[in-house]
Every structure is written in C-alpha cells, then in structure tokens.
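The analysis underlying the following values was restricted to heavy atoms, covering all of them including side chains, and did not include hydrogens, waters or symmetry mates. Remember, it's 1-based here, ligands and their atoms both numbered in the order they're listed.
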Amino acid sequence: MRPAQALIDLAALRHNYQLARELSGGRALAVIKANAYGHGAVVCAEALSDADGFAVACIEEALELRAAGIRQPILLLEGFFTADELPLIEQHQLSTVVHSDWQVQAIEQASLSTPLQVWLKIDSGMHRVGVAPIEAAGLYQRLLASGRVGKVVLMTHFARADELDCPRTVEQHKVFLNAVAGLKAEVSLANSPGLLGWPQVRNDWGRAGIMLYGATPFSAPHAMAERLKPVMRLQSKIIAVRELPVGEPVGYAGRFVTARKTRVGVVAMGYADGYPRHAPDGTPVAVDSQRTRLIGRVSMDMLTVDLTDLPHAGVGSAVELWGSQVLASEVASLADSIPYQLFCNVRRAPLVYQN
Ligand SMILES: Cc1ncc(COP(=O)(O)O)c(C=O)c1O
C-alpha cells in the first residue's frame with residue numbers, strides 16, 4: 001500500500017483546544033470549517049466532546065456535524081446565504097452570523113417558532129463582511145425587537161492580529177468598542193493570533209482555528225505559540241534510492257543539480273497529496289527523525305530528498321514532511337504559503353487518527 005498518510009493526533013487537538021479555552025478567559029469555539037482545516041471535521045468534533053461549541057463556514061458543514069450526532073452549539077461564520085436557510089437553521093438549532101442588513105430584514109420577516117441565536121458581525125476594519133460600526137446598535141436593537149431572536153453575541157474579526165507590531169488590531173478593537181458602547185451582550189473578538197498574542201482582546205468567546213491544529217499564526221517564534229502541539233503529521237516512506245555523481249540534474253526541469261556525490265531518496269508524496277509544488281530546494285524534510293532537505297522539483301506523486309548525510313537511511317525509511325520535526329509553518333513560509341492552506345490542501349493521503 002502507498003505509504004503516504006496524514007496522521008492526526010487527537011490528544012494534541014484536545015490539548016490545543018484547552019489552551020484556547022484557557023486563554024479566551026471564557027468559552028471558546030473550535031473553528032472546524034473546511035473539514036477542520038483538512039483534519040476531518042466530524043472526527044475532530046467528536047474528539048472535542050467537551051468543547052463549548054463549533055464554528056463552520058456554512059450550513060452544509062453544520063448539517064454534516066448534526067448528522068453525525070454532534071449536539072453542541074454550531075455557529076455559521078458566513079451566516080445564511082438566502083432566507084430559505086432560516087427554517088433549517090431553526091430546525092437544527094444552529095447559531096448564525098448576521099453580517100448584512102438584508103439578513104436582519106429576513107429574520108424580521110421569517111416565521112419561526114423558536115428563538116434564533118445570532119452573532120452580529122461588525123466590520124471594525126477588515127472590510128470583508130460585517131455591518132458598518134455606525135449601524136451596529138440599531139441593527140442589534142432591531143434583532144432583539146424582532147421577536148425571533150433569543151440572544152445576540154457581538155463579534156468582529158481582526159485582519160492583522162498575526163502581526164504583533166502592527167497597530168491595526170488595537171485600532172479595530174477601539175472601533176468595535178465604540179460601536180457597541182452601552183449594549184449589554186456577550187462579545188467575541190479573538191481568533192488564534194488574538195488569543196495567543198493580544199491579551200486585551202480575549203473575552204467571552206474565543207474563536208480558535210489554526211491554533212487548534214497546533215500551528216503558529218505568527219512568523220516569528222512566540223512563547224505562547226510554543227505551547228501548541230502539532231496535530232497533523234504528513235508522512236510517507238523512501239521508496240527508492242540512487243547515487244549520483246557531481247553535475248547530475250534531479251527531477252523535472254533539472255531544477256536541482258548535484259554539487260557533490262549525492263544519495264537521492266525518492267519519497268511517495270507529491271503535489272497530488274497536497275505537498276506544495278512550490279517548495280524550493282532546501283525545504284526541510286525529516287528522514288528517520290533526522291532533518292535533511294528537499295532537492296528537485298516536487299512532482300505529482302513523488303519528491304526527492306538528499307540522503308547523502310544520512311547513510312543509514314534507505315528504502316523503507318520513515319519520512320515526515322511536516323509534523324513535530326519539521327513544522328508546517330516552516331514548509332509554508334518557504335513555499336510562499338501558510339499552514340492553513342497546507343492543511344486544507346491535504347488529500348489522497350488518507351487521514352489516520354490516533355487518540
Ligand atoms: C470569523 C472567523 N473567526 C475565527 C476564525 C479562525 O481564525 P484562526 O484560524 O486564525 O484562528 C476564522 C477563520 O478564518 C474566521 O473567519
């Protein structure tokens with residue numbers, strides 16, 4: 001059997017969730033949209049059986065969780081796309097983000113028999129979705145007055161919380177606080193970089209995504225992020241070895257040319273598994289728990305690594321593409337990507353769960 005696998009450590013997931021909850025100072029939603037950033041939404045939700053709630057992008061993702069028997073609160077981060085989703089939201093007891101006036105109107109006009117849980121999203125400066133700060137108080141009052149809403153949580157999302165020296169998060173925070181001044185409601189501000197790096201924005205509800213999966217959102221080392229445990233180990237094996245003299249090209253386009261006598265290991269892992277094709281020569285790869293480097297262009301099903309300094313490595317040696325010996329964030333930054341995207345791209349290599 002092809003040895004490529006993504007091993008998912010559910011104990012590490014639980015550890016990271018506990019850290020998110022501890023930091024949020026209240027409760028934390030586990031953000032498991034996009035199939036839990038590629039880690040498998042249903043299994044991750046089952047593993048987080050004591051989570052305060054989950055967040056997904058859309059109703060399709062929420063219904064998959066409900067069908068699997070997940071009973072905790074589930075928030076739709078993009079809200080509903082058309083008013084006809086409201087009866088389903090009610091039926092499955094989902095919470096929904098409201099980010100636009102038309103959604104408030106749709107709620108006012110809906111015929112519902114149980115109160116909706118709404119998270120009113122305010123655009124404090126990310127300028128993606130969210131109601132204008134000046135309209136927030138009015139829309140909040142309309143939602144409460146509609147007779148169709150039980151609770152409104154006030155939320156916003158930060159655009160640059162991963163940049164710890166950037167003043168934008170503080171500015172967004174001020175805009176948010178001004179917009180909600182005088183409103184008595186629970187509040188949700190912090191994503192992973194907010195929870196890890198901005199103590200002043202931690203409050204009632206954290207919304208932890210990437211930190212759950214054990215990857216740092218920051219580009220520089222960060223003491224709090226050091227406490228995270230990697231959840232995914234993308235692994236495979238060496239399936240062939242060859243010795244090349246100086247001056248030989250390796251792989252497509254001959255991107256890498258041997259500068260010394262080189263032992264080349266071929267790994268069953270390629271861009272069809274989600275390993276980034278743009279990873280340059282020198283990207284770290286661990287073979288038998290020792291770090292070495294990628295050499296040559298990544299192809300669809302295989303990639304090549306330098307075994308010259310690992311004389312004991314050979315066919316059958318274990319390879320970690322990312323995990324705890326090589327961090328996904330290292331690979332991501334070299335491949336002009338982010339761990340979020342690397343994880344989401346993992347496919348074909350089966351997900352294998354460990355408790
Ligand atoms: C509204 C919202 N909150 C929280 C998150 C989680 O962010 P992170 O993965 O950086 O923790 C996301 C993810 O994109 C989001 O869109």
- request: Would you tell me whether Arg207 and His157 have side-chain atoms, one donor and one acceptor, within less than 3.5 Å of each other?
  value: yes

- prompt: Is Tyr252 reachable from Tyr275 through a run of I, L, V, M, F, W or Y residues, each pair having side-chain heavy atoms under 4.5 Å apart?
  reply: no

message: So for Arg128, does at least one of its heavy atoms come nearer than 4.0 angstrom to any atom of ligand 1?
response: yes

- prompt: With atoms numbered from 1 as shown, which atoms in ligand 1 lie under 4.0 angstrom from a non-hydrogen atom of Lys121?
  reply: 1 (C)

query: Taking atom types as modelled and ignoring hydrogens, do the side chains of Gln341 and Asp336 form a donor-acceptor contact shorter than 3.5 angstrom?
result: no

query: Should the proximity of Pro193 to ligand 1, defined as any heavy atom under 4.0 Å, be assigned to the side chain, the backbone, both, or neither?
result: side chain

query: For atom 15 (C) of ligand 1, which candidate among Met126, His157, Met211, Arg207 provides the closest heavy atom?
result: His157

message: Taking CD in Gln91 as the centre, count heavy atoms belonging to other residues, nucleotides or ligands within less than 6.0 Å. Is the count above 12?
response: yes

query: Has ligand 1 got any nitrogen or oxygen that is less than 3.5 angstrom from a nitrogen or oxygen of Ala208?
result: no

query: For Met155 and ligand 1, does the shortest N/O to N/O distance drop below 3.5 Å?
result: no

message: Give me the residue, atom name and distance of the protein heavy atom closest to atom 7 (O) of ligand 1.
response: Asn191 CB, 3.6 Å

query: Identify the closest protein heavy atom to atom 10 (O) of ligand 1: which residue and atom is it, and at what distance?
result: Tyr340 OH, 2.7 Å

message: If you count every heavy atom of other residues, nucleotides or ligands that lies below 6.0 Å from Arg255 atom CZ, does the total exceed 12?
response: yes

- prompt: Of Gly194, Ser192, Gly206, Pro339, which has the heavy atom at the shortest distance from atom 11 (O) of ligand 1?
  reply: Ser192

message: Take a 6.0 Å sphere around NE2 of His312 and say whether it holds more than 12 heavy atoms from other residues, nucleotides or ligands.
response: no

statement: The atoms of ligand 1 lying under 4.0 Å from a heavy atom of Tyr37, numbered in the order shown, are 6 (C), 7 (O), 8 (P), 9 (O), 13 (C)

task: Using a cut-off of 6.0 Å, state whether more than 12 heavy atoms not belonging to His92 lie near its atom NE2.
output: yes

field: Nearest heavy atoms of Leu342 and Pro276, plus distance in Å
entry: CD2-CG, 3.7 Å

message: Closer than 4.0 Å to some heavy atom of Lys33 - which atoms of ligand 1 meet that?
response: 12 (C), 13 (C), 14 (O), 16 (O)

